[in-house]
Amino acid sequence: MSFSPYVLFRRGTLGPAALSGVVPERTWALLAETAEPDDLRERLSDALHALIPALPADRRRAWLKVRRDVHNGRVPSPPDDPLPPGTAALLREWTARQAESLRHADAVAAAYAEDLDAARKTLADVALGEDFQRGVQLSGEDVHREVRAYAADPFDTSRKPSRRRRAESTITSFAYRVAFKPSPFGSFTEIGAHPFAPGEGRGERVAMTRLSVGLLAWMAHQLHRLDCADDVLRVRINNSLLIDGDQAVFARRPLEGADDGFTPDRIVTARNSALVGLLRTLLGEHDRTVRDLRDRLIEAGLDREGAQNTIDQLVKLGLCHRGLGFPDQLTTQADAAARVLRAAGTEQAVRCAEVYEGLRDIEDRYADADAERRTGLLADLRALVQRFVDILGCPPPAREAMRAAMYEDVGTRAAAATWRPALLTANREHFALFQRIVPVLDDATIEKLGLYAFFARHYGEDHAGVPLLELYRAFSALTPKEASAVMCGVGDPASDRVRDLRAEFFTFLREQPEDLRIDPAALAAYADALPATVVPWRSAAYRVQIGDKVVVNGVTTGHGVFFSRYCDLLETGDGWNMRTALREHIAATAPRQTDITAALGLNFNLHPRLSPHELVYPGSVPLPGAEHTLTLADLVVTADRATRRLTLISTKDGQPIDLVPLNFLYPAAAPMLYRFLCAFAPTRTYRGGLWDQLDRVRPSTGHRPRVLLGDLVLDRRSWRFRAADLPDRDGLERQDLGAVTAFDRWRREHGLPRHTFFRVHAPRPVADGERDFLAETRQWALEARSARLHKPHYLDSRNPFLLHVLAKQARDGDVVFHECLPEPAEHPAEEFFVEYNLEGDAHVG
């Protein structure tokens, strides 16, 4: 049992100190001076109540008005009538106190207005910061323009109040996330890496910018319109093609960059005809240009028109792929395309080459450009894409592709400020213990068991090996409801047993007192009693923050997955680097680990070759000279009765492979075939903390305690409320002081600390067996566009700008508040990725 020899960390490029001016401290100080209420009002009201009946009838109305003023907290204007000495003294004291109270309220209101103005200046200063400007630019140029306009003059009276508040909300939301909950996004966050026991950091900062590979895929697809497309585009045979007697079977992948990019992939069965045999001969070892392939088909007896139509139909069917033929992981695609087009030599091709060269130059210059220059470069990029559209006469790309046309990662070689490896190593046994029970809480455990049951029903548990394509064909033939039932383990006793174990575990947690400390011995006994079908995670990556304890923010698959993306960014060229560390560690600990070659149009899936083996996804191209590559046609599936798991076996050597896609892509956002393959890979479906797992099954309002295992905080204290129960959300949106103070009073009444994180959960109850995997994919894609809104937000209950963000989001569903742990500090929050590995054996997955 050990930690992997590398650590990744991320921290915001904006510190909390820069935001200190946003909280209206002077207002809160004046509010603290407000006199505590006593019984003076009641005593005076009672005295007047006793006095009024004894007054002449013509004087009662005036004194009734005085009593109403007292009841409503106003300064009264009493008639000049004699009063009993005691009542007169009470009235004088009340009048003086209320006059002072009103003067104090006016001072508070004036201070609040001044504090809000000062806060707006602070937000404007933050928004003008170079790192902030660059980060907002990559969120969308419309957002950047609005933020920049606000920062130039936050008090512009021509701006509608709603637009002003929207700009303030955007800046506030971004800024506090950068400072307190950094996630990898452009210059908002810097990424660092070092050995588990690091040396001295050099403090250098690096940036890496790349064009969107999705945009480049769209452009490559449009090149079929070129006058010399036959000499530029290359055709390759579908690498998943499997010949089974008189049948040819292959997986059809939607055309990348084309309109059908979101259609489901499927298994196609065709006749193993002479044409298929000819294609295997012509394209089996390498690809060919369209012209070359057409000429070969003509030599085989087709006329010119028939040969061209055949190629078009083969591409449409999916038996062949047509494109530039560049490797998926090639990071210089614009430059490579420019060279191919220039070599073609036609006027149209050269003009397209100039577009690609312009894009390459923008890609090269973008990293060193400041925000102002980047605005011009992005305008140049749009102009070049429009020029490309005009040259080829094609429709423009989707708006989403242009909104995220450039990607940036920022790295640092400085040391982390809060790294404490000794605290982690002292809790090795606790990491190992938790890693044994995580599978009980992980939906992927049930997905794997459900797929095993499906396999057993169709082929039996002792089958020597079912071709992977055959298994996927049977699975993809299911209706969405049937497929969801399989992956939810409906009707499977082993899946039901996992659900029972999960319920037992949460029953145990719910019955514990505040600051629940799990007894390691009791948890070990629970883990020892788990059936063999609950397979421990062999390698897990933990997102942690470190203070006096190790706070676990999340658990996901290990095996180097969430480190691979940054190998190019943090390549030093001398001494230690993460690429070498990952490659050596994976080779030593998992010699059969197999990556999936597929970028799928997403920049965060780009990484160097790190695994000993590689599964080339249908339609994808590996890097030149790649060794130990497999295709779907090279894999069969067998069943392990003991663990009720399916295993992928390579037909090349008869040995199992350890499929681990080194992609950041969450499987729900992937094509169905890719998602199906992930059922054979380590999981990444355990998201959030322990209480999040419970709430996904049985959400309930109320307070949940902190959960500790040794020095590991497995979950923070949390409080769940209906959004409708939050006080005066409309007033919070308007930043009314009364609503702000009412919220602060409300959170104290409910025991919430001043500093928390909140997340809004929309009401989406779904029972087991009713999940729709296609619907989940669409939902994930929609939420990914506004991921900033769905992640935990920092909240200071005395900050009206943060309360505005809360009120805007908390319109429906539930709101969960988590304690801010570790406590807010002056430096930006640092979050670490550490990887813990259990001993690999047959019962560890």
**Request:** Might you work through the side chain to side chain contact (heavy atoms under 4.5 Å, CB included) test for Phe454 and Met487, ending with a clear yes or no?
**Result:** CA-CA 9 Å; Phe454 174 80; Met487 302 307 272; over 6 Å; no
**Request:** Step by step, work out the side chain to side chain contact (heavy atoms under 4.5 Å, CB included) result for Arg592 and Ser650.
**Result:** CA-CA 10 Å; Arg592 298 290 293 181; Ser650 167; 4.1 Å; yes
**Request:** List the steps and the verdict of side chain to side chain contact (heavy atoms under 4.5 Å, CB included) for Cys352 and Leu392.
**Result:** CA-CA 8 Å; Cys352 285; Leu392 294 180; 4.0 Å; yes
**Asked** Should Asp595 and His607 be marked as a side chain to side chain contact (heavy atoms under 4.5 Å, CB included) after you check the CA-CA gap, both sets of side-chain angles, and the distance that decides it?
**Response** CA-CA 11 Å; Asp595 191 9; His607 59 266; 2.7 Å; yes
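Taking 4.5 Å as the limit, every side-chain heavy atom of Thr557 sits out of range of all side-chain heavy atoms of Ser539. Within the 4.5 Å cutoff, no side-chain heavy atoms of Leu278 are placed close to those of Ser273. For the pair Arg644/Glu461, a side-chain contact is recorded, criterion being any heavy-atom separation below 4.5 Å from C-beta on. By the 4.5 Å heavy-atom criterion applied to side chains, Leu648 and Val637 are counted as neighbours. Looking at heavy atoms from C-beta onward, Glu470 lies out of side-chain contact with Val249 at the 4.5 angstrom threshold. Side-chain contact between Leu319 and Val276: present, with at least one pair of heavy atoms (C-beta onward) separated by less than 4.5 Å. For the pair Leu471/Leu646, a side-chain contact is recorded, criterion being any heavy-atom separation below 4.5 Å from C-beta on. Residues Met402 and Pro397 have side chains in contact (heavy-atom distance under 4.5 Å, counting atoms from C-beta outward).
With hydrogens and angles ignored, the 3.5 Å screen pairs a side-chain donor or acceptor of Arg236 with a backbone N or O of Gly619. No donor-acceptor pair closer than 3.5 Å links the side chain of Tyr472 to the backbone N or O of Ile267. A distance-only check finds no donor-acceptor pair linking the side chain of Asn238 to the backbone of Pro618 [under 3.5 Å]. With hydrogens and angles disregarded, no donor-acceptor distance shorter than 3.5 Å links the side chain of Asp230 to the backbone of Thr289. Proximity of a side-chain donor or acceptor of Arg291 to a complementary backbone N or O of Leu233 within less than 3.5 Å is not detected. The backbone N or O of Tyr366 sits nowhere less than 3.5 Å from a side-chain atom of Thr209 that would complete a donor-acceptor pair. A donor-acceptor pair under 3.5 Å links the side-chain atoms of Asp265 to the main chain of Leu673, judged by distance alone. The backbone N or O of Thr580 sits less than 3.5 Å from a side-chain atom of Asn577, completing a donor-acceptor pair. For Arg288 (side chain) and Leu282 (main-chain N/O), a donor-acceptor pair under 3.5 Å exists by modelled atom type. A donor-acceptor pair under 3.5 Å is absent between the side-chain atoms of Arg322 and the main chain of Gly325, judged by distance alone.
Using modelled atom types, one finds no donor on one side chain facing an acceptor on the other under 3.5 Å when comparing Thr589 with Arg538. Side-chain contact annotation: Asp328 with Thr597, donor-acceptor N/O pair under 3.5 Å absent. In this model, a donor atom of one side chain and an acceptor atom of the other lie less than 3.5 Å apart for Tyr674 and Asn663. Side-chain contact check for Arg473 and Thr269: at least one donor-acceptor pair (N or O, by modelled atom type) lies under 3.5 Å. For the residue pair Asp658 and His559, no side-chain donor N or O sits within less than 3.5 Å of a side-chain acceptor on the partner.
Applying side-chain contact (heavy atoms from CB on, under 4.5 Å) to Leu610 and the options Val561, Val660, Leu582 leaves one that passes, Leu582. Here the options are Tyr566, Phe562, Phe563, the test is ring-ring contact (aromatic ring centres under 6.0 Å, His included), and the partner is Tyr6; only Phe563 passes. Checked against Arg210 for a salt bridge (charged side-chain N to carboxylate O under 4.0 Å, His left out), the options Asp568, Asp364, Asp335, Asp409 give a single hit: Asp568.
Nearest heavy-atom pair, Pro624 versus Pro327, reported as atom, atom and distance to 0.1 Å: CD-CG, 3.9 Å. The heavy-atom pair separating Phe455 from Gly460 by the smallest distance is CE2-O, 3.4 Å. When every heavy atom of Met406 is checked against every heavy atom of Leu381, the shortest pair comes out as CE-CD1, 4.0 Å. Minimum interatomic distance between Lys448 and Ala681 (heavy atoms only, all atoms of both residues): NZ-O, 2.6 Å. Smallest separation of non-hydrogen atoms from Leu341 and Ala353: CB-CB, 3.7 Å. The shortest heavy-atom contact between Gly358 and Leu384 is C-CD1, 3.5 Å.
In this pair, His224 and His221 present their aromatic rings tilted. The plane angle is within the 30 to 60° band.
At most 12 heavy atoms of other shown residues, nucleotides or ligands fall within 6.0 angstrom of atom CZ in Arg280. The 12-atom threshold is not exceeded at CZ of Arg304, counting heavy atoms of other residues, nucleotides or ligands nearer than 6.0 Å. Counting heavy atoms of neighbouring residues, nucleotides and ligands inside a 6.0 Å radius, atom CD of Glu347 does not exceed 12 of them. Within a 6.0 Å radius of NZ in Lys652, more than 12 heavy atoms belonging to other residues, nucleotides or ligands are found. When the shell of 6.0 Å around CD of Glu305 is examined, it contains 12 or fewer heavy atoms from other residues, nucleotides or ligands.
Interatomic distance, Gln593 CD to Ser611 OG, rounded to the nearest 0.5 Å: 4.0 Å. The OG1 atom of Thr631 sits 5.5 Å away from atom CG of Asn239, with the distance rounded to the nearest 0.5 Å. In this structure, CD1 in Ile657 is found 9.5 Å from CZ in Phe680, a value given to the nearest 0.5 Å. Expressed to the nearest 0.5 Å, how far CD of Gln333 lies from OH of Tyr356 amounts to 9.0 Å. One finds the CE atom of Met219 at 4.0 Å from the CZ atom of Phe388 (value rounded to the nearest 0.5 Å). In this structure, Leu242 CG and Asn272 CG are separated by 10.0 Å, a value rounded to the nearest 0.5 Å.
By the 4.0 Å N-to-carboxylate-O rule, Arg641 lies close enough to Asp462 to be salt-bridged with it.
Shown here are the ring pair (Phe, Tyr, Trp, His ring centres under 6.0 Å) partners of His628, two or more places apart in sequence or in another chain: His613.
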